[in-house]
Each structure stands twice: as structure tokens, then as C-alpha cells.
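All remarks here apply to the structure that follows.
Because only heavy atoms are used, hydrogens play no part in the values below, and waters and symmetry mates are left out as well, while side chains stay in. Heads up: numbering here begins at 1 and tracks the sequence.
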Amino acid sequence: MAPQRPKGAGALDKDNRPALSPAPVPSRSSELYAALDLGTNSCRMLIAQPKGSGFHVVDSFSKSVQLGSGLEKTGRLSRGSMARTIQALRICQQKIRRNKVARMRLVATEACRRALNGAEFMRRIQRETGLTLDIITPEEEAQLAAISCAPLVSRKTENLLVVDIGGGSTELVWIDISKVPKKDRARSIMRLHNGFQQARSDEPAARVVDWISVPLGVATLRDQFNDVEDDAARFALMSWYFEENLSDFTPYHSAQPQERFQIVGTSGTVTTVAASHLGLKRYDRTKIDGLRMTSDQIDKVIHSYLAMGPSGRRSDPRIGSDRAALIMSGAAILQALMRCWPTDRLSVADRGLREGLLYAQMSADGVLQEGVS
């Protein structure tokens, strides 16, 4: 399955602009919002209340459901993975009901996009849980990743690469904010909730140079190379194979690292690498979200993972048993990106689609104060 992107750098189709869908009824800032992300590996939800230029989380849920298990071979979601997912979604439905959530956006991503029975599964979810999930496009997924990371963008940044390494796909968005006043740069990225192709305005806007959705995430890339027994060889093959899939991304050929260039990486892979770098015995979001790492620091962590071998990674508390099977495919993607765009300014984002969904809903409803948190 080929990477998905617009035709030509920045040449987004004017007749096909998948803007983030606003909720249909105006809301009050006191109402609660829910955002659910059903991915290839995990089912995750946040329930939050608008607060200033951001939001306050009042409840959350995260469960590994491995929805994409077996998808590479069969092209279909398996009975077991769907049953696990339905169980998790029932818990989400209970939390939504208990919190009396008024506004919500519930989405599914790559596994459901690719599965032959993805749409059928959405109907089953609605029947058995009462929840309505949308299978979003790769472009909307990239939009959500970009706006979720807006608060981490430095005022000094002029060119930004947002990377979201998921279970089934990886989204990259290259944004030029050099024409935007420094104080407005993060806010200009938040406005991308209206779509990558912004309406003409006298106000300087963030310009999306190009974006791409590579149908390789930590689970799908791992599954492609399951037959390679040697740990180091498998890692090297995964990394170079992922890079080959970047050939349609315009900045891969033309954009060179600059002094005012920043990468923001959002995924379990990036946060796990950051936790290992800090030597945390227990994960601490306050120390991870916004942390900056250099290429050398990332390489050092990845090489330590390789030195551990599969058994060592499974027993390392910084990685965790749930992520041990996926960390090397994620690290292979991360290494490929740092090989293409080396920087001493990779910002680690402990945030993603759920936060993007919340920002998009709240921004569309006009309940956020100017600026970003």
C-alpha cells in the first residue's frame, strides 16, 4: 500500500479538503468534551473541560487491544481483536455516560482504513456500544497530529516537521511558519484544524509545504520483517525500508536542516526513548512532554536497545512488557527520520490524536482563549 500524499508540494486538492469536523451544536465552555482514538494497537480516550487556552483532563482511558493483529496476512480484522476492542469501547461508553459528556469526536485510523471489514466493524461498534466512530482520512490524521503539538513549537522555529508514529501508519507534516510573527507561530498551527489549505487572509498563516502518510507503523513494520531472525539485521532492514517509503515526501529531496528547524515527535516510541534517556524507573509525563533530545542522544538509546537483545528489552522497566515487542520497529522509524533530518531540537510530545481532537472541537466551538497552553 503506497504512502498517501497530495499531488505536488503544497498542492492540496481544492475540491477535497478534509477539515476537522466541528460538532453540530454550539457548546458552553463548562461542558465536557470526549476524544477517542482507536488505533492499530490501542484504544485511548480523554474526557476534558476547556480551561483558558487549553483544557483540563477529568477522565481518561488507555488499553492495548491489538486491533491490527493478523491484518497484514488476511486483510481483515480478526474476531479476537474485534472482541477485545468492543470490550474496551464499552468501558469508554460507560465513562462518557458517567461524566455526562455533551460533545465528542470518536475516530478510528489505519487498521480500520485498511481492513476489508473496517466499515462493517464500525456498524457493529454502534450496535453493541452505542458509540459512533468515524474512520478518518490520512490527511485528517496528519492535521490532528500537527495541531496537538502546537504548544511545543518554539517561537524561534521557522520550519517544523511533525512526526506521528502510530501502530499502522506514520504521518509527517512539514510546516513553514517563517512568515508568521514569533508570538503567533504556535497559534497559526492550531488554525490548521480548518484544513491544511488555509483560506486567504491578510493575517500571516502557517504554510503546509507537504505531508505524507506512510502505511508503516510500529506494528505493520514489525510484521513485514517477522521472518528475519537476527535482531540487528531486522532493525537495519526496517529502518532502510521505512526511508525508502519517504521518496514521495518533497522535503526528503529538498529541505535541508536549518538553524531554525524543529522536529516534534509524538508516539509511544518517542516517549519511551525519552524515558530511557532520562533513566526513569517509572514513567513521568511532566519530565517527558516537551523534552528536547539530540540525534546523538537518540542513537545512544537505540544502540542500548540493540545491545540488550529481545530478552533484555522485555525485562527493562523503562520499556515495559507491552511495548517491548514494538520498540525496535518504532526505533527503526525514528532512526530513519533522524538520518534524513539530523537535529539537536527534537521535541518529545506526550500527546497525539486525542489532544488534537479536543483542540479541534474546542477551537471550532470558540471556547478556547487566544493562544495555546
For [X] and [Y], indicate whether the former's side chain and the latter's backbone hold a donor-acceptor pair under 3.5 Å.
X	Y	answer
S213	P138	no
N99	V101	no
D284	T286	yes
R105	L358	no

Cluster overlap [X] with [Y], hydrophobic side-chain contacts below 4.5 Å:
X	Y	answer
L337	W240	no
I91	L89	yes
M238	V228	yes
Y283	M293	yes

With a 4.5 Å cut-off on side-chain heavy atoms, are [Y] and [X] touching?
X	Y	result
L278	I288	yes
L67	S81	yes
K63	T85	no
P251	L161	no
L192	I189	yes
F242	L334	no
I136	L144	yes
E141	L353	yes

Item to check | salt bridge (Lys or Arg N to Asp or Glu O under 4.0 Å) evaluation trace for R292 with D344 | outcome: CA-CA 8 Å; R292 289 187 179 177; D344 61 356; over 6 Å; no
N-O pairing of [X] and [Y] below 4.0 Å:
X	Y	answer
E110	R113	yes
D231	R234	yes
R44	D37	yes

Item to check | Derivation and outcome, side-chain contact (heavy atoms from CB on, under 4.5 Å), residues F61 and L36 | outcome: CA-CA 9 Å; F61 176 81; L36 185 146; over 6 Å; no
Next on the checklist: Testing the 3.5 Å rule here: is there a donor-acceptor pair between the side chains of D296 and T294?
Outcome noted: no
Checklist entry - Is it the case that S239 and R339 place a side-chain donor and acceptor less than 3.5 Å from each other? => result yes
What are the two closest heavy atoms between [X] and [Y], and how far apart are they?
X	Y	value
S347	Q262	OG-NE2, 2.9 Å
C112	L77	SG-CD1, 4.3 Å
S276	Y305	OG-OH, 2.6 Å
R260	K156	CB-O, 3.4 Å

Checklist entry - Passes side-chain contact (heavy atoms from CB on, under 4.5 Å), R185 versus K182? Steps please. => result CA-CA 5 Å; R185 285 177 178 173; K182 290 183 178 180; 3.8 Å; yes
Next on the checklist: Taking the six-membered ring for Trp, are Y241 and F225 closer than 6.0 Å centroid to centroid?
Outcome noted: yes
Item to check | Distance flag, aromatic centroids of F261 and W174, threshold under 6.0 Å | outcome: yes
Next on the checklist: Show, in sequence, the C-alpha distance, side-chain angles and deciding distance for W211 and E171, and conclude whether the side-chain contact (heavy atoms from CB on, under 4.5 Å) test is met.
Outcome noted: CA-CA 7 Å; W211 71 275; E171 280 66 46; 5.6 Å; no
Checklist entry - Checking side-chain contact (heavy atoms from CB on, under 4.5 Å) for the pair H277/I298: CA distance, chi angles, key distance, verdict? => result CA-CA 8 Å; H277 166 65; I298 291 169; over 6 Å; no
